[in-house]
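The basis for the numbers below is simple: all heavy atoms, side chains too, and nothing from hydrogens, waters or symmetry mates. Each residue takes its place number in the sequence, starting with 1. Here the structure is a predicted model, which means the values were calculated and not measured.
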Amino acid sequence: MKKRWLLNLVMLCVVASLVAFLYLRPKQTAEQEASYDISAYKLAEFNAISVEFPAKAAVKLDKVSGFWRLSAPINMRADQASVQRILSIIAARSKDKITNPDLEKFGLNNPALKLKLIRDKNSQDKNSVEEFTFGTHNPVTDEQYVAHRNAVYLVSNNYAEAASTQVIELIDKSPLKPTEKIAGFDFSHLEQWSDTRLNVDLADGKWNVSIAAAKPQQNEMNEWLDFSWVHNPAKSVEMYTPDRKITYPYVMIKLADGSKVRFDKIQESPDLLLARPDEGLIYNFPADAGFTMLNPPINIPSK
């Protein structure tokens, strides 16, 4: 009987503690719980972007055949992930929304940055453009004021940082276009393969090597292609103007449509620098990754 009485007392204390916790815990106010979507737009709505600054040239991007390209100040393939980060402003949420704001109060009368997302760059309809302007930072939250459609929101600094990315960093660092499908390589113009005139070709899912003694493993070759060329972005890129007076060793990539892409080997150490003349870019790869790119695992037996 005494044990049951003690058990009931313990249970009563547990219930009382739970009730007290639920009653005394801080209550969230409606203001604290409020959260505002800056927009309800979809990524697929937009096919052009303009990033405008007060004191330098605008950065412009266009969607061409499903992929984003820089169109100003240079014409280059764009890094798709970087563009998605710029577009992510449409999914931003804010705990603060100020309607009919005093723009000067938030540094929006002379904004640090204007981001224009465009549905049709050839349209004269003003509703074709959605504009986001970035003002001053809030010193308490370290967030930034952004104006869109007669309202001001307080959002993360990351959105302005994404839109302010340097042009050279917006360039696609993949050496090949997304539409370029590899069908083979001609390595015969590189020093290490000049004697054997090495060519490797991929036909009907099978690799063939021009060196009779080679014993390529199909899985090894597939992995080499995937990790060395298809999914191997350079760590950086720089502009390239070919010097017709200099002849570099080079590798020629054969594509499935019958065309070819040439890469000049500018430097092998300490980093591999491969230049693509048709795109006017030099791709910088770490030395170890670069060595693998130019030396496929064809398994030639040692003598």
Side-chain angles (χ1 to χ4, degrees), residues 43 49 51 59-88 158-159 161-187 189-190 200 202 207 219-242 248-257 259-297:
L43 292 177
I49 299 170
V51 185
V59 174
K60 297 186 178 182
L61 300 111
D62 296 300
K63 203 170 190 179
V64 180
S65 301
F67 297 99
W68 288 96
R69 288 189 62 88
L70 280 158
S71 56
I74 56 176
N75 187 359
M76 292 279 178
R77 282 186 286 130
D79 176 64
Q80 305 301 300
S82 294
V83 179
Q84 296 300 318
R85 285 192 287 272
I86 295 173
L87 288 167
S88 67
N158 293 338
Y159 298 107
E161 290 176 359
S164 301
T165 301
Q166 294 293 318
V167 172
I168 195 71
E169 295 301 325
L170 284 173
I171 297 174
D172 187 5
K173 294 177 180 59
S174 173
L176 294 168
K177 300 176 184 178
T179 55
E180 291 176 332
K181 306 302 179 185
I182 295 176
F185 295 81
D186 179 356
F187 292 110
H189 302 281
L190 297 176
V200 294
L202 181 62
W207 287 95
N219 286 340
E220 284 187 0
M221 290 294 294
N222 289 335
E223 290 178 2
W224 167 78
L225 174 66
D226 193 45
F227 291 109
S228 293
W229 286 95
V230 178
H231 298 112
N232 183 28
K235 64 180 184 179
S236 64
V237 295
E238 58 186 278
M239 308 307 292
Y240 174 59
T241 301
Y248 292 106
Y250 65 92
V251 56
M252 194 72 78
I253 296 182
K254 309 169 190 178
L255 302 178
D257 63 2
S259 62
K260 295 180 179 181
V261 176
R262 172 174 170 152
F263 286 92
D264 292 333
K265 191 185 75 172
I266 307 298
Q267 170 186 295
E268 192 163 6
S269 179
D271 288 334
L272 174 68
L273 302 183
L274 288 181
R276 182 167 173 169
D278 66 325
E279 294 213 318
L281 285 175
I282 295 176
Y283 298 86
N284 186 324
F285 297 94
D288 54 349
F291 178 85
T292 304
M293 291 175 75
L294 303 182
N295 294 278

Subject >> Heavy atoms from other residues, nucleotides or ligands near NZ of Lys260 exceed 12 (cutoff 6.0 Å) >> reply: no

Subject >> Crowding at CZ, Phe291 (>12 non-hydrogen neighbours, <6.0 Å) >> reply: no

In Å, rounded to the nearest 0.5 Å, how long is the span from [atom1] of [X] to [atom2] of [Y]?
X	Y	atom1	atom2	value
Met293	Asp288	CE	CG	11.5 Å
Tyr250	Met252	OH	CE	5.0 Å
Lys177	Arg276	NZ	CZ	5.5 Å
Gln80	Leu170	CD	CG	11.0 Å
Glu223	Asp226	CD	CG	8.5 Å
Arg69	Leu61	CZ	CG	10.5 Å

Subject >> Ser174 side chain to Asp172 side chain, donor-acceptor N/O pair below 3.5 angstrom >> reply: no

Original post:
Just by distance, with hydrogens left out, do Trp207 and Asn222 show a side-chain donor and acceptor under 3.5 Å apart?
Top reply: yes

Looking at [X] and [Y], what are the two nearest heavy atoms and their distance?
X	Y	result
Ala163	Val51	O-CG1, 3.3 Å
Asn232	Ser228	ND2-O, 2.9 Å
Tyr283	Ala234	CB-CB, 3.8 Å
Ala162	Ile86	O-CG1, 3.4 Å
Pro277	Asp264	CG-OD2, 3.5 Å
Pro175	Phe263	O-CZ, 3.3 Å

Subject >> Under-4.0 Å salt bridge between Glu180 and Arg77 >> reply: no

**OP:** Would you confirm whether the ring centroid of Phe185 sits within less than 6.0 angstrom of the ring centroid of Phe187?
**Re:** yes

**OP:** Report the residue from Leu274, Leu273, Leu272, Asp271 that forms a side chain to side chain contact (heavy atoms under 4.5 Å, CB included) with Ile266.
**Re:** Leu273

Original post:
Which residue, Glu169, Lys173, Arg85, forms the side chain to side chain contact (heavy atoms under 4.5 Å, CB included) with Asp79?
Top reply: Arg85

**OP:** Go through the steps to decide whether Trp68 and Leu87 satisfy the test side-chain contact (heavy atoms from CB on, under 4.5 Å), and finish with yes or no.
**Re:** CA-CA 12 Å; Trp68 288 96; Leu87 288 167; 4.0 Å; yes

Validation row: [X], [Y] side chains within 4.5 angstrom (heavy atoms):
X	Y	result
Pro73	Val167	yes
Asp186	Lys254	yes
Leu281	Met239	yes
Leu70	Ile171	yes
Val230	Leu176	no
Thr292	Phe227	no

